[in-house]
Amino acid sequence: MELASSLKGQINPRLLAVSASGVRSFDAMVSSIPGVVKLTIGEPDLNTPEHVKSAANHSITNNDSHYAPQNGTEEFRQAVVNYIHRTRGLDYDPATEVVATIGATEAISSTFFSVLKPGDKIIIPTPEWSLYFPLAELAGAEPIQVDTSVDDFVLTPEHLEQVLEEHGESVKAILLNYPNNPTGREYPEEVLRGLAKVIEEHNLFCIADEIYSDLVYNGKHFSIANAIQDRTVLISGLSKSHAMTGYRLGYLCAPADLAAQINKMHSLMVTAVNDSAQAAGAEALNNGEMDPVESSKVYVERRDFLASALNEIGMPPVSPDGAFYLFAKIPASFGTDDLDFATRLAKEGKVGCVPGSYFGEGGKGYVRFSYAASMNTIQEAAKRLKAFVANN
């Protein structure tokens with residue numbers, strides 16, 4: 001069925017102007033190739049821990065099926081507060097400074113639409129998860145992509161200062177995602193404190209997407225909220241740490257007056273998160289501290305195997321500190337077109353990865369491999385990769 005001809009062209013022009021997710025579209029193309037081995041999507045192949053599933057089942061069995069409070073159940077919000085205090089030493093009021101969301105994705109959406117307005121600019125270091133760019137544009141803001149490849153994929157305070165001087169007072173906010181998707185790079189505490197000083201001096205909002213913070217392999221995660229809590233929206237969730245992608249459960253923490261406005265936007269978009277997901281999330285946060293530790297052991301083994309294979313074939317990856325991605329430079333013999341390389345690798349080599357340019361200016365010439373897949377899948381992908389590169 002086609003839309004009435006008189007209504008064509010009447011859709012929100014901002015929505016028409018943005019593209020669908022390049023990562024998802026490319027994954028769909030890859031998935032259509034017979035016999036392909038995929039290292040495309042960042043979804044853990046591990047199972048949700050049994051004690052977490054039991055909490056969800058208990059919630060369902062006990063008919064916990066009514067509307068939850070818009071900002072989340074009291075149990076889940078308290079679990080978030082306890083977890084944030086335990087892992088970061090930060091204190092938030094569970095009644096006024098925490099919002100349960102439909103994954104970290106919705107937390108980001110609600111925050112962008114609450115903070116940004118037409119004419120604003122938001123700084124987004126790249127390479128970066130591609131979701132942020134269209135969301136900023138839909139809010140009427142201009143995403144300022146900052147290429148961090150020149151900084152070893154970690155934005156420096158000096159580089160941030162330079163960008164701010166160039167773009168002036170129209171910059172409203174900065175988005176930081178770390179450990180980073182797609183590079184796996186973590187921001188050291190001294191860099192974050194330097195960035196915090198610049199952010200404060202220029203009176204910016206800071207939106208910190210810390211969804212991978214429980215999967216840090218080198219050192220301990222430091223949140224920028226520890227330096228500028230009064231201007232930071234801290235966003236995270238359970239999808240990556242506890243293999244709960246399908247539960248669609250995230251959260252954000254922010255100063256009370258800002259959290260109230262984001263909660264208002266959140267409630268207009270989705271009403272509330274379902275009760276059973278929050279029961280599972282509370283169990284994961286309260287009693288699942290070791291779950292991501294055990295998962296990390298699995299991911300490190302996979303990371304090391306795939307990194308070794310990539311180095312052998314002249315595709316050195318960025319050294320990852322966390323998450324579950326390897327961001328690798330495409331071989332010099334293939335030129336610099338990462339989309340062409342990834343397409344050929346999928347169609348000819350039967351291995352799926354994601355072109356780096358989908359992650360912004362800083363990702364050109366690279367491709368992303370997810371090692372959230374099984375070791376058997378990774379081993380087969382490595383074998384095919386070696387053959388593909390050797391034969392071209």
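Just so we're clear, the structure is a prediction, and the values are computed from it rather than from any experiment. What's counted below: heavy atoms across the whole structure, side chains too, no hydrogens, waters or symmetry copies.
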Sub-4.5 Å side-chain heavy-atom contact between [X] and [Y]:
X      : Y      : answer
Asn12  : Leu16  : no
Ser239 : Arg248 : yes
Ile144 : Ile122 : no
Leu90  : Asn226 : yes
Met269 : Met265 : yes
Tyr366 : Val318 : yes
Leu326 : Leu310 : yes
Tyr251 : Val99  : no

In this structure, are over 12 heavy atoms from other groups packed under 6.0 Å from [X] atom [atom1]?
X      : atom1 : value
Lys220 : NZ    : no
Arg86  : CZ    : yes
Glu294 : CD    : yes
Lys364 : NZ    : no
Lys172 : NZ    : yes
Glu348 : CD    : yes
His58  : NE2   : no

Any link between [X] and [Y] through a network of hydrophobic side chains (Ile, Leu, Val, Met, Phe, Trp, Tyr) touching at under 4.5 Å?
X      : Y      : answer
Phe327 : Val216 : no
Val52  : Tyr83  : yes
Val354 : Leu39  : no
Phe113 : Val18  : yes
Leu238 : Tyr212 : no

Can Asp214 and His242 be said to form a side chain to side chain donor-acceptor pair (under 3.5 Å), step by step? CA-CA 9 Å; Asp214 280 315; His242 289 78; 5.4 Å; no
Any donor-acceptor pair under 3.5 Å linking the side-chain atoms of [Y] with those of [X]?
X      : Y      : result
Ser110 : Glu106 : yes
Asn63  : Ser65  : no
Asp93  : Thr96  : yes

Check whether any side-chain N or O of [X] sits under 3.5 Å from a backbone N or O of [Y] as a donor-acceptor pair, and report yes or no.
X      : Y      : result
Thr126 : Gly360 : no
Asn263 : Ala259 : no
Thr101 : Ala104 : no
His159 : Asp151 : no
Asp275 : His66  : yes
Thr232 : Gln229 : no
Asp64  : Ser59  : no
Thr111 : Ala107 : yes
Glu97  : Tyr92  : no

side-chain contact (heavy atoms from CB on, under 4.5 Å) partner of Val37, chosen from Lys383, Lys350, Gln379, Glu380: Glu380
Qualifying residue, where the test is side-chain contact (heavy atoms from CB on, under 4.5 Å) with Val163 and the options are Ile123, Leu155, Ile174, Val171: Ile123
Minimum heavy-atom distance between [X] and [Y], given as atom pair plus value:
X      : Y      : value
Ser241 : Ser295 : O-OG, 4.5 Å
Ser170 : Gly119 : CB-O, 4.1 Å
Gly42  : Tyr325 : CA-OH, 3.3 Å
Ser236 : Glu210 : OG-O, 3.2 Å
Ile211 : Gly237 : CD1-N, 3.2 Å
Phe222 : Tyr178 : O-CE1, 3.2 Å

List the atom pairs, donor and acceptor, that lie under 3.5 Å between side-chain atoms in residues 195-208 and the rest of the protein, sequence neighbours left out.
residue, atom, partner, partner atom, Å
His202, NE2, Glu161, OE2, 2.8
Asn203, OD1, Arg231, NH1, 3.3
Asn203, OD1, Arg231, NH2, 3.4

On the 0 to 90° scale, with breaks at 30° and 60°, tag the Phe334-Phe388 ring pair as parallel, tilted or perpendicular. parallel
Criterion side-chain contact (heavy atoms from CB on, under 4.5 Å) on Phe341 and Ile330, from CA distance to verdict: CA-CA 7 Å; Phe341 175 83; Ile330 65 177; 3.6 Å; yes
Can [X] and [Y] be counted as an ion pair, charged N to O under 4.0 angstrom?
X      : Y      : value
Asp27  : Lys38  : yes
Arg193 : Glu189 : yes
Lys8   : Glu2   : yes
Lys386 : Glu312 : yes
Asp45  : Arg302 : yes

Apply side-chain contact (heavy atoms from CB on, under 4.5 Å) to the pair Leu46 and Tyr299, showing each step before the final yes or no. CA-CA 10 Å; Leu46 307 177; Tyr299 292 138; 3.6 Å; yes
